[in-house]
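Reading through the structure tokens given below for one structure.
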Amino acid sequence: MKAVILAAGEGTRLKPFTESMPKVMLPVANKPVLLHVINALSENNIRDIVIIVGYKRESIMDYFGNGKEFGVSITYVIQEKQIGTGHALMQAKNEIEEEFIVLPGDNMIDGKSISLLVKNKCETAMLVEKSELPSKYGVVEVKGGIVKNIIEKPEKAETNLIFTGMCKFPPHIFDIIGRNIKEGNNKITDSLQLMVEEGENICAVKGKGKWMDIVYPWSWLDVNSKSLKNVAAVTSGKIEKNVILRGAISIGENSVIHSGCYIVGPVVIGRGCEIGPNACIFSSTSIGDNVVIYPFTEIRHSIIMDGTTIGSHSFVSKSIVGRGTTISPHFSNIVGNNITEIEDKFYVVKDMGAFIGDGCEIGDNVVIEAGKIVGTNCRVAPLSIINKNLPSGSKVV
Amino acid sequence: MCGITGYIGYRNASEVLVDCLKRLEYRGYDSVGIGIIGENLSIFKDVGEIKRVEGKLPRMDGHVGIGHTRWATHGGVSRKNAHPHLSCDKKIAIVHNGIIENFNELKEELEKRNHKFYSETDSEVIAHLIEEEYKGKLEDAVASAIKKIRGSYAIVVISQDEPDKIVAAKKESPLIIGVGDNENFIASDIPAFLKYTNRAIHLNDGEICILKDNNVKVLDEKGKEAIKEERAVDWSIEDAEKSGYQHFMLKEIHEQPSAIYNALMGRISEIEPRINLEDLESNMDEITIVACGTSFYAGMAGKYIIEKLAGTPVFIELASEYRYFGRKSGTVIAITQSGETADVIGAVKEAKKYGCHTIAITNVAGSSITRIADIPIYTRCGPEIGVAATKTFTAQIAVLFLIALKLGMKNLCISNGDLQKYVSSLRRLPSYLEEVLGRENEIMDVAGKLKDCESVFFIGRGINYPLALEGALKLKEISYIHAEGFAAGELKHGPFALLDENTPVVAIVTKDDVHTKILSNIGEIKARNAPVVAIADEGDEEIDKYADFVIRFPSLPEFVSSIPIAVILQLLAYHVANFRGCPIDKPRNLAKSVTVE
């Protein structure tokens, strides 16, 4: 069986982190979400994979290549303009000859749920899950295992059962999607809704509750923390004397943990990092490749991406630091409740730190207020206090 | 320089050979041929790329064969000059890569003894020589034949009378055995057989090997069996595929963040600043860098870095010149991507004769240069298939940078603080390169402006001068637009005469001590109405007043910016060539590793 993964979308609600990579490439426990999806597929021996790419597709192609390194075989199909999931799937028409599954590349999924969907007897079946934010998705009404209705992003959701975007389809689905696109309905849910209306049976398969979507930067921290629970302790690299490691900690090759560091898992640390001496890293933290953490710094419950440097005597908690950002000594972020703005909408965030984009340079003794978002490539002068969101490319003097 | 291969085993040999040749095409692609022993020895050869020739290939049954993809040296591109070449009795077939220097004498002698020659190649003499020496054992005939040959060669031979073996010999041209189960391979380069096996044996000069389907025997120069070690190759076949990109070159440009990461990995420490590089020699008070082509420009960049950071005098020499004319003293650093470049190997051998300490910077573990030079330092880029070097150029600069820093510390020329500054910015290069690659669309827009030009100039000062030379080389080799690089101050001394409104100038502008100088150079160019494309620091606000188009790179310490700038120049050349519809991965008349002089 082939799988088609939709990976063309941008993920605008996750800006600034999606300015340099598509949402599917955001790291969860140091691996792109898309790799978690591919691993769940190969657990089910689904190794023939078509990936629909579009926005920033190079970052996907550079990472996955032809898939060999990950035990799968990947074909790329390009969707130039991201106008809908149905339209995206349609691009893969020539690659599909028999029954197949389609799934979003930007949602975490487990192998077991995929297996339930694949084994379901209906010709067309969809995976449904419970969500705390049903109004962001297609809300599904199910009776006796059969889909009765799908309402796309309702203002008030009747149930919390939502369509995960994962489906099993017969090859002739392309005729239905094709017809819908001609009428200007470009989403997969449009086609599914039409099938329900025309009286076709679509089975609803309930997943195992492992499905997770990253909607906002703060939900990313949550997804990361949940995924870190499965981390296996593997330590390569060089760990100097008098380092305390407790819990499940994975340390990549060529990383150096200097003397006096105190690390409590679950924590993942990538390749080629330098940490300490005397730095503390606490649970639910992932640190990418090539990261430098200077002495006397404390990091908790955070995502520190590749190529980042954090200066000495700093405090980073419940925060995300983007790729290649440099933070000078004596930085701290405040953790608390606040109101923050993304794409002209306001959100209340609770118990959160700061969200700092890629390529920023943050000077000495900077403090960032709880929940604030710093865009990519910002320059913040020493001794600044950041208490509002900074658009990408800002200079704070 | 050509690609050669051989197969013996249980599969259909012609299918395997075609597959192997496709992966050797970067070594040459003007004509292709294979020879198979089935019931008899049969040969098929034709002019053109393998993809085109493959369609015409007749069914050839047999489990033993040899193949060749050609890049013409002696004799024009024609079917009769394509390999394999046959003996007069048509029982022995050979493929050859290299140059037979004494082929005219040999040919005359052979002709006197009634041998008929069908081609204009130097290679054909080998087939006839083997025929002359043949007394029932192919390996003995090959051993006697190569004693008469002067020059460089890798040859693979089959004979209809001994259909259970392939015999091969090597001198100064690469040849590697791939060891399989009940099958064996031989080829000029590892990717040829990587799909089938990752167990490789490198042959040394003067060795002869005999491949059977279930065993491999290597004889040394004296005819004694040599003990050879198998080496597991950790490149995967996927490393040599385009994975979604239109061209290998673009894929390889995009691989630079990880290539640079790999080149630096484990070699730098930031918190306690240190360079953990292979032990160089203790007293390096004079360095000569020897290289060809793109590697030469990397070496030239290295000269600027080493002289400034370590205070050690550096001479930079073209390998083809140095080999015969250079002054051989001090430490010699040889740079070659493939490790097989004939001129560089020749130069290092010469230098060693004079007692020089030799260091080789190369990308290929186990390549010839690593067995000749005293210290090999690897760029760790993975295979580079595009003929135009990209990721290996930037990785070579990175490695030279490390040498400069290590020397600088030893010579007490740079402080611990400076070392930390350089290490920390080198470490962050992968992120900066991602940033540059993210601006590909802007670079593509500028490329659109250059695509119809007849001539483009590149200028820079300091380390940007070798970058200007490399930018021009990239552009001319893949887009066929005439391009020249100049030291910015030199324009006035002649090239100025060529400037007009149709000759764009690409100026590399860093915010260093000579910033005002290059700005005034640009002013002079603008006064001649030539359009100016500036590649400039993102913090450079003045440049907008001078240039028509500006491509930005991230602000970085002196010299470190050379790597992102190189990436911009590569993307610029790539997109110009792509707009013009050029065969980017296989530019006309060029081949990847130049294993002939």
Side-chain angles (χ1 to χ4, degrees), chain A residues 19-21 51 53 56-70 73-78 237-238 252-256 258 271-277 279 288-295 305-309 311-312 322-326 358-359 361 376-377 379 393 395, chain B residues 194-195 234-246 250-274 276 382 391 420 423-441 538-539 552 554-556 571:
Chain A
E19 280 175 22
S20 66
M21 60 175 110
I51 304 183
V53 292
K56 302 271 178 202
R57 56 181 172 267
E58 291 81 9
S59 64
I60 299 175
M61 281 150 44
D62 290 344
Y63 189 92
F64 288 97
N66 65 2
K68 203 130 193 169
E69 198 187 322
F70 305 95
S73 158
I74 297 174
T75 312
Y76 296 96
V77 174
I78 297 171
K238 187 178 160 204
E253 58 189 59
N254 278 304
S255 284
V256 182
H258 288 291
R271 302 179 304 150
C273 296
E274 284 181 58
I275 296 173
D289 293 340
N290 207 12
V291 171
V292 184
I293 294 172
Y294 273 81
M305 291 167 74
D306 297 350
T308 293
T309 299
S312 59
R323 287 195 295 187
T325 282
T326 305
D358 294 352
E361 274 172 33
T376 53
N377 296 321
R379 303 278 174 270
K395 287 198 172 70
Chain B
L194 207 48
K195 182 172 160 189
D234 53 8
W235 294 352
S236 57
I237 183 81
E238 162 233 352
D239 284 339
E241 282 176 11
K242 282 188 269 191
S243 37
Y245 282 101
Q246 203 182 342
L250 188 59
K251 171 178 175 260
E252 285 157 4
I253 291 172
H254 276 266
E255 277 168 359
Q256 287 178 103
S258 63
I260 293 292
Y261 171 79
N262 286 328
L264 298 174
M265 187 171 71
R267 288 173 170 168
I268 50 172
S269 304
E270 175 177 339
I271 292 174
E272 189 194 340
R274 232 184 12 238
N276 317 310
K391 59 178 178 174
Q420 189 172 37
V423 164
S424 108
S425 54
L426 284 173
R427 176 193 274 287
R428 231 149 286 137
L429 268 175
S431 317
Y432 290 122
L433 295 184
E434 295 281 359
E435 206 178 314
V436 169
L437 292 169
R439 295 180 194 161
E440 193 167 350
N441 285 340
E538 62 187 5
R552 302 281 182 176
S555 299
L556 283 164
L571 283 171

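So you know, we letter chains A, B, ... as the sequences are listed, proteins then strands, and number each from 1.
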Between A:Ser255, A:Ser20, A:Gly307, the one whose heavy-atom pairs under 4.5 Å with chain B are most numerous = A:Gly307

Using a cut-off of under 4.5 Å for heavy-atom pairs, which of A:Arg323, A:Arg271, A:Met21, A:Met305 has the most such pairs with chain B?
-> A:Arg271

So, do B:Lys251 and A:Asp62 sit near enough that their side-chain heavy atoms are less than 4.5 Å apart?
-> no

Heavy atoms, side chains only, cut-off 4.5 Å: are B:Ser431 and A:Asp358 in contact?
-> no

Could you pull out the closest heavy-atom pair between A:Gly276 and B:Ile271, with the gap in Å?
-> O-CD1, 3.1 Å

Please state whether the side chain, the backbone, both or neither of A:Ile60 comes within less than 4.5 Å of a heavy atom of chain B.
-> neither

Mind checking whether B:Pro430 and A:Asn290 have side chains closer than 4.5 Å, heavy atoms only?
-> yes

Where does A:Arg57 contact chain B at under 4.5 Å (heavy atoms): side chain, backbone, both or neither?
-> neither

Where does B:Arg427 contact chain A at under 4.5 Å (heavy atoms): side chain, backbone, both or neither?
-> both

Answer with side chain, backbone, both or neither: which region of B:Leu264 has an atom nearer than 4.5 Å to a non-hydrogen atom of chain A?
-> neither

Residue pair B:Tyr245, A:Glu58: steps toward the side-chain hydrogen bond (donor to acceptor under 3.5 Å, both in side chains) verdict = CA-CA 8 Å; B:Tyr245 282 101; A:Glu58 291 81 9; 5.5 Å; no

Engaged part of B:Ser258 at the chain A interface, taking heavy atoms whose separation is under 4.5 Å = neither

Side chain, backbone, both or neither: which part of A:Lys56 has a heavy atom under 4.5 Å from chain B?
-> side chain

Is it true that A:Arg379 and B:Glu538 have a side-chain N and a carboxylate O under 4.0 angstrom from each other?
-> yes

Nearest heavy-atom pair of B:Ile268 and A:Glu274: which atoms, and what distance?
-> O-OE2, 3.9 Å

Between A:Ile74, A:Val256, A:Thr326, A:Asp306, the one whose heavy-atom pairs under 4.5 Å with chain B are most numerous | A:Thr326

Residue pair B:Met265, A:Glu253: steps toward the side chain to side chain contact (heavy atoms under 4.5 Å, CB included) verdict | CA-CA 10 Å; B:Met265 187 171 71; A:Glu253 58 189 59; 4.1 Å; yes

Between B:Glu270 and chain A, which part of the residue has a heavy atom less than 4.5 Å away: side chain, backbone, both or neither?
-> both

